[in-house]
Amino acid sequence: MPAPATVASFNALIASHARSGRPSQALRTFRYMLARGFPPDHFTLPPVLRSSSLTGSAALAASTHALSVKIGAQGNLFVASALVQCYAGMSNLPGARRLFDGMRERDAVLWTSMLSAYAQGGQPVEAMRFFEGMVAAEVQLDAVVMVSLLLACGQLGWQRHGRSVHACCVRMFPRMPLSLGNALVDTYVKCGKVAYAERVFSVMPRRDVISWSALIVGHGLNGSSYAALRLFDEMVATGVEQNSVTFLGALSACAHSGMVEKAYAIFEQMKQQGIRPELKHYSCMADALGRAGRVIEAVNLIEEMPCQPDEAMLGGILAACRVHGEVDAAERISKRLMGMSPAKSGYYMSLANIYSDYGRYVDAERIRGFMKEVKVDKLPGYSISESNN
């Protein structure tokens, strides 16, 4: 393929790479463009900034920002929106807000970019406060704004606000966009209203992997394990391809319902589809085995898996060891936990209590003596009462 010969052709190639999920290639093309002496313009910078954010290149984002100032493109609304999204994508929300506040002119895209930055950056209160400013500025609201609002409502657990946004969506969009339907399902799930999520899901004209996964995870989180697994089987039957979140929801449902063999089948199905299990998937498998009393299998799974376990995973298995009387396994797990957090008294006391439960009082005293020797103090218990004064 011949090399681009104009700024416009370079811009088209950079944008194509950025849109197609090839940010590194987009950045290489940008560097080649500069090396060839072609001056970038305000069409060049947005895909470069988006690619910088996707690759996590803070240095390149900062230099591109400086370049936008140098060529006078920072005041362009498309470049400003891209800068806001870039800084937000790298968790620099204060930097994104400074850019927003510094703009003399702001359009709906810029306002929406900043709102999305707050919602996706885990600052729902700031998102809701910012939305009030949008309303005051009479910014036209669209589906992207509604999705950001629903994300913020879900993070805060504000069911009443979520239902208000839902009502606005019904009035504004007779045929609801897929992204908005997914956001509604996710919000109701996070607010614990799975029945509402089911209703939205049932009337969606189209559903994708996000729609199915949100509802499967929602049923699992709210204790409806069998409903979650029924949905998973329906999803498979309809031919929708699962992703890692789908399998996580199904495995979690198996763990809570004690369906170990089903969990094994789903875990194998996941690997057959080319999805590499992550720590959270192994944690669900270990949890399922521990709850079912198959503690040794859980310990073997932890020791053979390709990633390192975290304290939450090991702590869950240690609790299962006590419930099911697996003292040898408890010793193996406790040793790893003490190595990870040697100053945390709870792990020492858990092992000492397991020894005491099974009459090994000498070993229990040995653990307590070791705690004194290495100066690990047992945390005192406390309670809180509310006074009318």
Side-chain angles (χ1 to χ4, degrees), residues 147 150-151 153-155 157 159 162-163 166 169-170 175-294 297-298 301 312-313 316 320:
V147 168
L150 288 167
L151 178 59
C153 290
Q155 290 169 353
Q159 177 206 335
R163 293 187 69 179
H166 187 180
C169 293
V170 171
R175 188 172 177 81
M176 194 170 293
L178 176 62
S179 60
L180 201 48
N182 288 344
L184 281 165
V185 171
D186 182 65
T187 299
Y188 281 130
V189 160
K190 287 176 178 173
C191 293
K193 298 296 180 180
V194 184
Y196 289 156
E198 284 266 19
R199 287 181 208 166
V200 173
F201 181 83
S202 66
V203 298
M204 288 174 67
R206 189 164 68 88
R207 303 163 190 159
D208 63 2
V209 62
I210 298 173
S211 324
W212 286 93
S213 299
L215 197 54
I216 289 169
V217 171
H219 276 298
L221 288 174
N222 288 279
S224 303
S225 299
Y226 290 99
L229 293 171
R230 173 183 53 78
L231 270 171
F232 179 80
D233 291 337
E234 285 181 22
M235 182 182 181
V236 173
T238 56
V240 179
E241 189 172 343
Q242 300 83 42
N243 62 15
S244 64
V245 177
T246 318
F247 283 107
L248 180 64
L251 288 170
S252 177
C254 290
H256 285 88
S257 58
M259 300 174 68
V260 178
E261 299 307 324
K262 177 75 170 177
Y264 267 126
I266 291 172
F267 196 68
E268 286 303 313
Q269 181 182 344
M270 177 182 180
K271 291 191 284 187
Q272 287 169 9
Q273 292 189 17
I275 300 175
R276 186 176 180 180
E278 302 171 29
L279 176 60
K280 52 195 174 185
H281 299 102
Y282 282 104
S283 293
C284 284
M285 282 300 305
D287 187 31
L289 291 165
R291 288 170 184 256
R294 295 161 66 168
E297 285 182 62
L301 177 74
M313 183 179 190

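Quick caveat, the model's predicted, so the values are computed rather than measured. Because only heavy atoms are used, hydrogens play no part in the values below, and waters and symmetry mates are left out as well, while side chains stay in.
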Looking only at heavy atoms, the pair that brings G290 and A298 closest together is N-CB, 4.3 Å
For this session: Let me see the working for S257 and S225 under side chain to side chain donor-acceptor pair (under 3.5 Å), right down to the final yes or no.
Result: CA-CA 6 Å; S257 58; S225 299; 4.5 Å; no
For L301, the side-chain contact (heavy atoms from CB on, under 4.5 Å) test, sequence neighbours excluded, returns Y282, M285, A286, L289
Here the salt bridge (charged side-chain N to carboxylate O under 4.0 Å, His left out) pairs for residues 234-248, sequence neighbours left out, are R230-E234
Residue set satisfying side-chain hydrogen bond (donor to acceptor under 3.5 Å, both in side chains) with D186, at least two apart, ordered chain then number -> K190
Do M204 and M176 make a side-chain contact, defined as non-hydrogen atoms from C-beta onward lying under 4.5 Å apart? no
So CG of D287 and SG of C254: to nearest 0.5 Å the spacing works out to 11.0 Å
Applying salt bridge (Lys or Arg N to Asp or Glu O under 4.0 Å) to E297 and not counting sequence neighbours gives R294
Sorted by chain and number, sequence neighbours left out, salt bridge (Lys or Arg N to Asp or Glu O under 4.0 Å) with K193 holds for none
Note: L229 and A250 closest approach over all heavy atoms is CD2-O, 3.6 Å
* Asked: So, do L178 and S211 sit near enough that their side-chain heavy atoms are less than 4.5 Å apart?
  -> yes
CE of M313 to OG of S283, rounded to nearest 0.5 Å, is 4.0 Å
Closest heavy-atom pair, A288 versus A263, reported as atoms and distance to 0.1 Å, is CB-CB, 4.5 Å
Is a donor from one side chain sitting under 3.5 angstrom from an acceptor on the other, for T246 and N243? yes
Residues at least two apart in sequence or cross-chain that pass salt bridge (Lys or Arg N to Asp or Glu O under 4.0 Å) with E278, listed by chain then number, are K280
Inset, instruction - Compare all side-chain heavy atoms of E198 with those of V185 and state whether any distance is below 4.5 angstrom. - result: no
Between G218 and V194, the two heavy atoms sitting closest are O-CG2, 3.9 Å
By ring pair (Phe, Tyr, Trp, His ring centres under 6.0 Å), Y188 pairs with (sequence neighbours left out) H166, Y196
Residues G249 and I216: closest non-hydrogen pair is C-CG2, 4.0 Å
Across all chains, not counting sequence neighbours, the salt bridge (Lys or Arg N to Asp or Glu O under 4.0 Å) partners of R199 are none
Worksheet item: Would a 4.5 Å heavy-atom cut-off, applied to side chains only, mark L150 and L180 as touching?
Response: yes
So the salt bridge (charged side-chain N to carboxylate O under 4.0 Å, His left out) pairs with at least one residue in residues 206-217 (sequence neighbours excluded) are none
Output for pair (L221 CG, H256 NE2), nearest 0.5 Å, gives 8.0 Å
For G154 and T187 the tightest heavy-atom approach is N-CG2, 3.9 Å
Legend entry - Q242 and Q269: CA distance, side-chain angles, deciding distance, side chain to side chain contact (heavy atoms under 4.5 Å, CB included) verdict: CA-CA 10 Å; Q242 300 83 42; Q269 181 182 344; 3.8 Å; yes
Taken to the nearest 0.5 Å, the spacing of R163 CZ from C169 SG works out to 13.5 Å
For the residue pair R276 and H281, establish whether any side-chain heavy-atom pair is separated by less than 4.5 Å. no
Residues at least two apart in sequence or cross-chain that pass side-chain hydrogen bond (donor to acceptor under 3.5 Å, both in side chains) with Q272, listed by chain then number, are none
For this session: Please examine the side chains of V217 and V245, heavy atoms only from C-beta on, and report whether any two atoms are closer than 4.5 Å.
Result: yes
Residues 217-243 vs ring pair (Phe, Tyr, Trp, His ring centres under 6.0 Å), sequence neighbours excluded, gives F232-F247
Note to self: With heavy-atom distances below 4.5 Å as the criterion, would you say the side chains of L248 and C284 are in contact?
What the structure shows: yes
Value for CG (L231) from CG (L215), rounded to nearest 0.5 Å, stands at 5.0 Å
Residue pairs meeting ring pair (Phe, Tyr, Trp, His ring centres under 6.0 Å), one or both in residues 198-218, sequence neighbours left out, come to F201-W212
